[in-house]
2 protein chains.
Amino acid sequence: MISARVHYACLALFELAMRADDTTPVAVREITDKHNIPGPFLVQILRPLRAAGWVQSVRGSHGGYRLSVDPSQITLLDIAEAMGCQDRNSHLSETPTKSAIALQHAWDEANEASRAVLSGLRLSDMVERCHHGEATMFYI
Amino acid sequence: MISARVHYACLALFELAMRADDTTPVAVREITDKHNIPGPFLVQILRPLRAAGWVQSVRGSHGGYRLSVDPSQITLLDIAEAMGCQDRNSHLSETPTKSAIALQHAWDEANEASRAVLSGLRLSDMVERCHHGEATMFYI
DNA sequence: ACAAACATGATCTACTTAGTCAAGTATGGT
DNA sequence: ACCATACTTGACTAAGTAGATCATGTTTGT
């Protein structure tokens with residue numbers, strides 16, 4: 001359900017958010033090293049993030065990336081959707097039966113439930129969680 | 001998130017559940033015709049359903065399938081899991097960072113939310129929904 | 001000029017899903 | 001006994017996606 005792209009994108013954004021007070025840009029290399037993200041893969045993941053206006057890139061020597069929005073403005077759902085993953089969640093034909101429609105509603109409900117969770121988690125929340133340790137924050 | 005296999009499996013089980021009072025088995029052909037399921041594909045979908053003990057097969061002429069459990073005993077989550085879909089939901093390496101752990105918790109939460117929806121929908125509920133029409137049952 | 005670092009587009013491989021096929025086995029009707 | 005019907009099993013193919021890599025170009029600081 002969650003692709004590696006989305007996961008890596010989130011890790012990169014966390015990293016940028018955590019270093020947002022420092023004005024010097026963060027090199028791709030620093031992120032891939034710290035989070036074990038396969039080298040040039042992150043580059044193509046950062047593209048949609050830049051297209052979404054969430055990060056800025058600085059070219060040339062000492063270049064890198066910088067967060068360009070407030071971390072409380074982005075949710076995990078936003079990130080997941082920006083990465084343009086394929087959803088094969090519609091199974092309705094042109095002439096769906098009652099069963100198929102009822103079933104599709106069920107899938108939609110389930111999907112909506114997980115989207116609700118992700119849309120409730122902002123980038124700022126996640127950064128806070130990382131700083132406070134994870135022991136007491138999950139109640140599942 | 002929901003594969004065609006799971007969708008088809010549910011449709012087949014709906015059909016069997018709706019005709020459970022009739023004791024004559026339902027031929028695969030009848031199900032594929034009614035629900036536009038590609039021919040021999042349903043056959044291999046019925047296999048895990050039989051393995052789970054939810055359907056019985058009758059061989060030979062006038063054979064077919066019959067539901068062998070109470071429809072209130074099976075949930076959509078049960079069906080989805082019985083179809084053995086791949087989950088690529090764990091993104092943790094051997095030495096995960098705090099960020100990766102916090103993020104994985106978020107994915108798990110989202111996943112759990114949708115599982116909760118599916119585990120709340122029993123086969124009997126779905127059959128009822130099909131019979132009553134779908135207008136008033138969803139509140140999203 | 002040179003090196004560091006981002007930009008872009010093409011490409012490759014492995015895996016999963018969806019769907020098909022063929023040969024075999026069991027059962028009921030004639 | 002024979003035959004049509006219908007399930008059983010396992011192998012197989014096709015297409016699409018995710019994950020990852022590479023080569024080449026461009027920008028900027030020293």
Side-chain angles (χ1 to χ4, degrees), chain A residues 1-12 15-16 23-33 35-52 54-68 80 82-91 93, chain B residues 1-12 15-16 23-33 35-51 54-68 80 82-91 93 107:
Chain A
M1 172 200 180
I2 291 298
S3 66
R5 297 178 105 82
V6 174
H7 189 72
Y8 291 153
C10 289
L11 290 179
E15 188 65 26
L16 295 183
T23 56
T24 67
V26 182
V28 169
R29 186 68 192 278
E30 294 181 63
I31 304 176
T32 58
D33 282 0
H35 295 278
N36 275 307
I37 302 176
F41 193 26
L42 185 56
V43 170
Q44 83 181 240
I45 287 169
L46 285 166
R47 238 183 288 190
L49 299 186
R50 195 169 55 120
W54 296 333
V55 300
Q56 281 178 333
S57 67
V58 179
R59 298 180 67 159
S61 185
H62 299 102
Y65 283 85
R66 221 180 352 221
L67 200 66
S68 59
M83 297 311 293
C85 287
Q86 226 65 20
D87 45 334
R88 351 173 219 297
N89 276 30
S90 181
H91 301 279
S93 60
Chain B
M1 172 199 179
I2 292 297
S3 67
R5 295 179 105 83
V6 174
H7 189 73
Y8 291 152
C10 290
L11 290 179
E15 188 65 26
L16 295 183
T23 56
T24 67
V26 182
V28 169
R29 186 69 192 277
E30 295 182 62
I31 304 177
T32 57
D33 282 359
H35 294 279
N36 274 308
I37 302 175
F41 193 27
L42 185 56
V43 170
Q44 83 180 240
I45 288 169
L46 285 167
R47 237 184 287 191
L49 299 185
R50 195 170 55 121
W54 297 331
V55 300
Q56 281 179 334
S57 66
V58 179
R59 300 181 68 161
S61 185
H62 300 101
Y65 284 85
R66 222 180 350 222
L67 199 65
S68 59
M83 297 311 293
C85 286
Q86 226 64 20
D87 46 334
R88 351 172 217 299
N89 275 30
S90 181
H91 301 278
S93 59
W107 306 144

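Each chain gets a letter, A, B and so on, in the order the sequences are listed, and its residues count up from 1.
- Taken to the nearest 0.5 Å, the CG atom of Leu16(A) stands 9.5 Å off from the OG atom of Ser68(A).
- Taking only side-chain nitrogens and oxygens, Tyr8(A) comes nearer than 4.0 Å to OP1 or OP2 of dA20(D).
- The two atoms that bring Ala12(A) and Leu42(A) nearest to each other are CB-CD1, 4.0 Å, heavy atoms only.
- Between the CG atom of Asp33(A) and the P atom of dA4(C) there is a distance of 15 Å, rounded to whole Å.
- Here the side chain of Phe41(B) is nearest to one of dA18(C), dG19(D), dC22(D), namely dA18(C).
- Candidate nucleotides dA20(D), dA7(C), dT9(D) were compared by shortest atom distance to the side chain of Tyr65(A), and dA7(C) ranks first.
- Here the P atom of nucleotide dT16(C) and the CE atom of Met83(B) are 16 Å apart, to the nearest Å.
- Remark: the Gln44(B) side chain and the dT8(D) base include no donor-acceptor N/O pair separated by less than 3.5 Å.
- To the nearest angstrom, C1' of dC6(C) lies 14 Å from CD of Glu30(A).
- Whole-Å rounding puts the Asn36(B) CG to dA18(C) P distance at 16 Å.
- Residues Gly63(A) and Arg47(A) each lie close to DNA chain C; by heavy-atom proximity, the contact nearer the 5' end of the strand is made by Gly63(A).
- At the phosphate of dT8(C), OP1 or OP2 sits under 4.0 Å from a side-chain N or O atom of Arg50(A).
- Residue-to-nucleotide proximity on DNA chain C shows that, of Ser61(A) and Ser57(A), the 5′-proximal contact is made by Ser61(A).
- Residue His62(B) places its side chain closer to dG28(C) than to any other of dA18(C), dG28(C), dG19(D).
- Toward the 5' end of DNA chain D, the nearer of the two residues Arg29(B) and Ala4(A), judged by each one's closest nucleotide, is Arg29(B).
- The interatomic distance linking Ile45(A) (CD1) with dT8(C) (C1') rounds to 16 Å, in whole Å.
- Closest approach to the Arg59(A) side chain among dC6(C), dG29(C), dT21(D) is made by dC6(C) (side chain taken as heavy atoms from C-beta onward).
- In this structure, Leu46(A) atom CG and dA5(C) atom C1' are separated by 13 Å, rounded to whole Å.
- Across the protein-nucleic acid pair, His7(A) atom NE2 and dG19(D) atom C1' stand 14 Å apart, rounded to whole Å.
- Contacts of Pro40(A) with the nucleic acid, taken as non-hydrogen atoms under 4.0 Å apart, include base atoms.
- Within 4.0 Å (heavy atoms only), Val58(A) reaches sugar-phosphate atoms of the nucleic acid but no base atom.
- Of the possible polar contacts, none joining the Arg5(B) side chain to the Ile45(B) backbone as a donor-acceptor pair under 3.5 Å is found.
- Atom CG of Asn89(A) and atom P of dT17(D) are 14 Å apart (whole Å).
- Ring-plane geometry between His7(A) and His91(B) is classed as parallel, the angle between the planes falling under 30 degrees on a 0 to 90 degree scale with a further cut at 60.
- Between Arg66(A) and the phosphate of dC6(C), there is no side-chain N or O to OP1/OP2 separation shorter than 4.0 Å.
- Rounding to the nearest 0.5 angstrom, the gap separating the OH atom in Tyr65(A) from the CZ atom in Arg50(A) is 5.5 Å.
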Go through Met83(B) and Ser3(B) one step at a time and tell me if the side chain to side chain contact (heavy atoms under 4.5 Å, CB included) criterion holds.
-> CA-CA 9 Å; Met83(B) 297 311 293; Ser3(B) 67; 5.7 Å; no
